[in-house]
Structure formats: structure tokens, C-alpha cells
Number of protein chains: 2
Amino acid sequence: MPTDKNIELIINDGHASAPPKAAKKILDAAYDLFYRRGIRAIGVDEIVKRAGVTKPSLYRSFPSKDELAASYLRQYDLEYWERFDEAIAANPGDPRAQVKAFLTRIGKRTQVADYRGCGMTNAAVEYPDHSHPARVVSEANKQELRRRLRAMAVAMGAQDADTLGDGLLLLIEGAYISGQLFGLGGPAQSVARNADLLIEASLKK
Amino acid sequence: MPTDKNIELIINDGHASAPPKAAKKILDAAYDLFYRRGIRAIGVDEIVKRAGVTKPSLYRSFPSKDELAASYLRQYDLEYWERFDEAIAANPGDPRAQVKAFLTRIGKRTQVADYRGCGMTNAAVEYPDHSHPARVVSEANKQELRRRLRAMAVAMGAQDADTLGDGLLLLIEGAYISGQLFGLGGPAQSVARNADLLIEASLKK
DNA sequence: ATGTATACGTACCGATCGGTAACATTGTCA
DNA sequence: TGACAATGTTACCGATCGGTACGTATACAT
């Protein structure tokens with residue numbers, strides 16, 4: 001699933017020099033395992049086994065498991081905004097349609113067996129400590145999501161744009177969680193419809 | 001925080017005989033630690049230390065750590081519906097006001113430092129395996145929440161009651177998650193207002 | 001070919017994980 | 001006082017945790 005763009009930026013947070021090839025295999029394996037089963041649930045031994053490398057290779061590319069988790073989330077962040085921007089680009093100049101497209105996509109994604117929700121959200125639940133490297137990345141991602149949704153609510157001409165933006169964020173997070181809680185046929189399938197109702201009720205008359 | 005009502009039901013799932021006193025101390029300690037820091041993050045040694053008991057006592061009252069986690073969630077479940085029913089009882093015959101009262105309470109609860117969201121939701125994130133004892137309790141709680149919200153949407157006279165009920169659930173889950181993600185001043189403070197907007201837009205005209 | 005640097009593997013570390021065996025001590029009620 | 005159940009004490013188990021010391025292989029330049 002992970003696409004290896006700017007991998008050196010992801011792996012060590014911008015202060016990179018030359019990323020070894022093993023690092024990508026490790027990050028790919030960690031991405032899949034962390035996302036599907038949780039960060040705390042996965043040990044470094046399982047990661048290196050899946051990646052087909054050895055443990056010292058992991059610790060040459062990443063300072064610690066916690067930092068590897070942060071790197072996983074930086075990769076996740078890249079792909080997240082890619083999907084977001086696709087929905088935006090598909091509906092130029094129409095913020096309501098942009099939101100609807102993004103939410104429709106989320107609603108569809110939740111309707112698969114063993115859907116695991118949002119990696120960012122899950123990581124924040126796993127690590128309540130705000131100083132944990134993984135949580136720092138997660139919180140930044142969510143702050144940015146809030147900022148964008150509020151800006152789009154402004155562009156829609158909402159009566160109370162901050163409230164609408166936040167309402168959309170609540171629906172989105174609710175879809176991530178209920179998607180993994182209820183499985184097929186759960187409440188998350190209605191996220192786009194509910195968002196549209198909320199938008200309709202929030203526009204200036 | 002845990003009130004020890006029907007503790008024998010909570011501890012071993014109904015098939016109880018006589019609950020020893022150490023079991024309550026253990027469950028209380030586990031409740032606080034599991035909720036605040038996560039189930040996977042807490043070891044049994046920390047629980048017995050906090051409870052002022054020893055490890056064999058834990059394993060005389062609970063078959064395993066996983067079952068202790070399930071007992072914690074059964075206690076959580078009891079208190080959850082207590083709070084829910086309070087909001088219902090405070091507004092008899094007025095489902096819209098009942099929902100608003102429940103959501104207002106959730107919105108307030110999220111606006112404290114180090115808010116940790118819903119123990120049920122968090123447990124489901126920590127344990128993606130549907131057969132895990134803790135997750136079984138969590139999923140049952142959420143199914144019941146969905147059932148009640150949909151029933152209340154019917155009572156409100158919504159055009160599409162299932163969609164409104166699910167929309168309210170999405171907002172609630174979003175509040176639990178964004179409450180712990182954003183801290184004070186986060187999107188969760190607007191959950192009641194957004195719910196009311198959504199209800200307004202969903203009623204038959 | 002030989003030096004030099006970089007990447008990789010074998011084997012290991014102490015700590016902690018969930019869980020238990022065996023026995024001593026306590027409290028309670030008859 | 002006797003008896004029984006509940007709890008405490010101590011020591012331990014194998015497995016796994018995150019992390020590392022140290023030797024080896026490979027690449028490339030000279």
C-alpha cells in the first residue's frame with residue numbers, strides 16, 4: 001500500500017542523508033502491520049521477519065520503535081492528503097461537492113470486511129501521552145484536517161463556519177471508528193448523506 | 001469512579017457465586033488504569049500494585065488479563081447506560097431534548113484536560129480481533145447504542161430515522177475521539193449544536 | 001588487488017510480559 | 001476452638017519485549 005515518495009523525508013523527519021534500501025522494506029512491513037493490528041500489538045521481531053531483514057538493520061535506519069511508528073504515520077499522512085486532494089481536484093471551485101466526494105470515499109472505504117479505520121486516529125488512541133512521537137504526527141494531521149474543513153465551510157458560506165467545519169470533522173471521525181466497530185452495514189455508510197444534511201442546515205439563507 | 005453495583009455480575013459475566021473483596025479492589029484499579037492509559041499499555045503487575053494486592057489474588061478472581069479487561073468494560077457499560085438513562089429521564093416524552101441533553105453532557109465531558117474518550121471505543125481500537133473478550137463487550141455496547149439512537153430518531157418523526165440515528169452515532173463517536181485528540185477547545189464542544197442542526201434538517205416537514 | 005566505508009547477520013542483553021506452584025497467614029462463623 | 005475460605009508471600013516459569021555488541025559480507029574507488 002505505501003508508495004515510496006520522498007522516503008528519506010518520512011524515515012527521519014527531514015534530517016536525512018542517504019536512505020538504505022532495507023529501510024523501505026522495513027517501513028513497508030511496519031506500515032501494514034501497524035495499521036492492521038495496532039502499533040502496540042506488533043513487536044519489532046515481527047516487523048523484521050515480515051520485511052525479510054534483521055533487527056540491527058531496523059535500528060540502523062530508525063532510532064527506536066517509537067520513531068518507526070512516527071515514520072509510518074508520516075507516510076500515512078502523505079497518502080492521506082493525496083486522497084483528500086483528489087476529492088478536491090475532482091470538484092474545482094465547489095467546496096460542498098468536494099466535501100461530499102471526500103466523505104463518499106470514506107463511506108465506501110468503511111464498507112469492507114476488517115476495515116481498520118484511520119491510522120492517525122488509532123495511533124492517538126493507543127498513545128494518550130501527547131509527547132509520544134507517533135502521537136505528535138497524529139495530532140498535527142488532525143489539526144490540519146480541522147483547518148481545511150473549517151476553511152471549506154467558510155467557502156461554502158456557512159452561517160457558523162467553524163461549527164460546520166467541526167461538525168464535518170466529528171462525522172468523519174465517527175465514520176472511521178464506527179466503520180471498524182460495526183463492519184458491513186454500519187452507520188459509517190451514511191456519513192456522506194448526513195454530512196450533506198448538516199451542510200444544508202448550516203448554509204446562510 | 002466505578003460504583004460497585006452487581007459486582008458479581010460484572011466480574012464473571014453472570015455465572016457468579018460469591019465475589020471476594022479483593023476482586024473489587026482489583027477491578028477498581030484496573031478500571032482506572034485501563035481507561036486512562038489503555039489496556040495494552042498496562043501490565044498486571046501495575047494493577048495489583050495499585051490495588052494493594054498480589055498477583056495470585058488477581059488470578060483467583062479473574063481467569064486472565066483479557067477477561068479482567070472484559071470485566072472492566074462490563075462495569076463501564078453499566079455506568080454508561082446510567083448516564084444515558086439520566087438524560088432520558090430528565091426529558092420525559094421529548095426524544096429530541098433527550099438526545100440534546102445526552103450530547104450536551106458528552107460535549108462537556110470532552111472539555112477537560114487529558115480527556116480519554118470512550119472506554120468502549122478505545123478498547124475496540126486496541127483489539128481489532130472480533131473474538132477478543134474485551135471487544136465482544138465493546139461491540140455489544142455499540143450495537144445497543146445504535147439501536148437506541150435509531151429508536152429515538154423514529155420517535156422524533158424523522159424522514160429517514162435510520163439515517164438520523166446513525167448520524168447521531170457518528171457525531172457521538174466523533175466527539176469521543178476528537179475530544180481526546182484536540183483537548184480543550186476542540187471540535188467535540190460543538191457536538192450538541194451540530195446534532196441539533198442535523199435533527200432539524202431530518203424532521204418531516 | 002587492496003583499502004575503506006557501508007550494509008547486513010549472528011548472537012546476545014536485561015527487563016518485562018502474562019501466569020503459576022507451594023505454602024503461610026488471616027478473618028469469620030459455627 | 002475448630003474449620004474453612006480468602007488473602008498474602010515468595011519464588012518462579014517460558015516467552016517476548018525493545019535494543020545492542022561485534023564480527024562479516026559487499027561495493028566501489030584507487
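Keep in mind that what you see is a predicted model, and the values were worked out from it rather than measured. Reminder, nothing fancy here: chain letters follow the sequence lines and each chain counts from 1. Just so you know, these numbers use all the heavy atoms, side chains as well, and skip hydrogens, waters and symmetry mates.
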Asker: Please report the interatomic distance CG(Asn194(B)) to CG(Leu168(B)), rounded to the nearest 0.5 Å.
Answerer: 11.0 Å
Asker: Quick one, Tyr80(B) with Glu144(B), criterion side-chain hydrogen bond (donor to acceptor under 3.5 Å, both in side chains). Give me CA distance, side-chain angles, the key distance, then yes/no.
Answerer: CA-CA 11 Å; Tyr80(B) 189 90; Glu144(B) 172 65 8; over 6 Å; no
Asker: Expressed as a whole number of angstroms, how long is the span from Lys25(A):NZ to dA7(C):P?
Answerer: 14 Å
Asker: What's the CG-C1' distance between Leu58(B) and dA6(D), to the nearest Å?
Answerer: 15 Å
Asker: Using whole Å, report how far NZ of Lys24(B) lies from P of dT7(D).
Answerer: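 Spelled out: NZ on Lys24(B) to P on dT7(D) is 13 Å.
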Asker: Without decimals, in angstroms, what is the distance between Ile26(B) CD1 and dG19(C) C1'?
Answerer: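 In whole Å, dG19(C) C1' lies 14 Å from Ile26(B) CD1.
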Asker: Salt bridge check, Arg193(B) against Asp166(A): does any charged N sit closer than 4.0 Å to a carboxylate O?
Answerer: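 No, this pair does not count.
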Asker: Test Ser71(B) against Arg74(B) for side-chain hydrogen bond (donor to acceptor under 3.5 Å, both in side chains), laying out the working first.
Answerer: CA-CA 5 Å; Ser71(B) 292; Arg74(B) 279 192 287 272; 3.2 Å; yes
Asker: Polar atom pairs between nucleotides 13-20 of chain D and protein, under 3.5 Å, N or O only, would you list them?
Answerer:
{"unit_1": "dG18(D)", "atom_1": "OP1", "unit_2": "Lys65(A)", "atom_2": "NZ", "d": "2.8"}
{"unit_1": "dG18(D)", "atom_1": "OP2", "unit_2": "Val44(A)", "atom_2": "N", "d": "2.9"}
{"unit_1": "dG19(D)", "atom_1": "OP2", "unit_2": "Tyr59(A)", "atom_2": "OH", "d": "2.7"}
{"unit_1": "dG19(D)", "atom_1": "OP2", "unit_2": "Lys65(A)", "atom_2": "N", "d": "2.9"}
{"unit_1": "dG19(D)", "atom_1": "N7", "unit_2": "Lys55(A)", "atom_2": "NZ", "d": "3.2"}
{"unit_1": "dG19(D)", "atom_1": "O6", "unit_2": "Lys55(A)", "atom_2": "NZ", "d": "2.1"}

Asker: Pairing donors with acceptors under 3.5 angstrom, does anything connect the side chains of Thr121(B) and Lys142(B)?
Answerer: yes
Asker: Is Arg40(B) atom CZ crowded by more than 12 heavy atoms from other residues, nucleotides or ligands, each under 6.0 Å away?
Answerer: yes
Asker: For Gly52(A), which contact category applies under a 4.0 Å heavy-atom criterion: base, sugar-phosphate, or nothing?
Answerer: nothing
Asker: Just to confirm, is there a sub-4.0 Å distance from OP1 or OP2 of dG8(D) to any side-chain nitrogen or oxygen of Ser57(B)?
Answerer: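 Indeed, a polar side-chain atom of Ser57(B) lies that close.
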Asker: Which part of the nucleic acid does Thr54(A) contact within heavy-atom distance under 4.0 Å: base, sugar-phosphate only, or nothing?
Answerer: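 Base, at least one base heavy atom under 4.0 Å.
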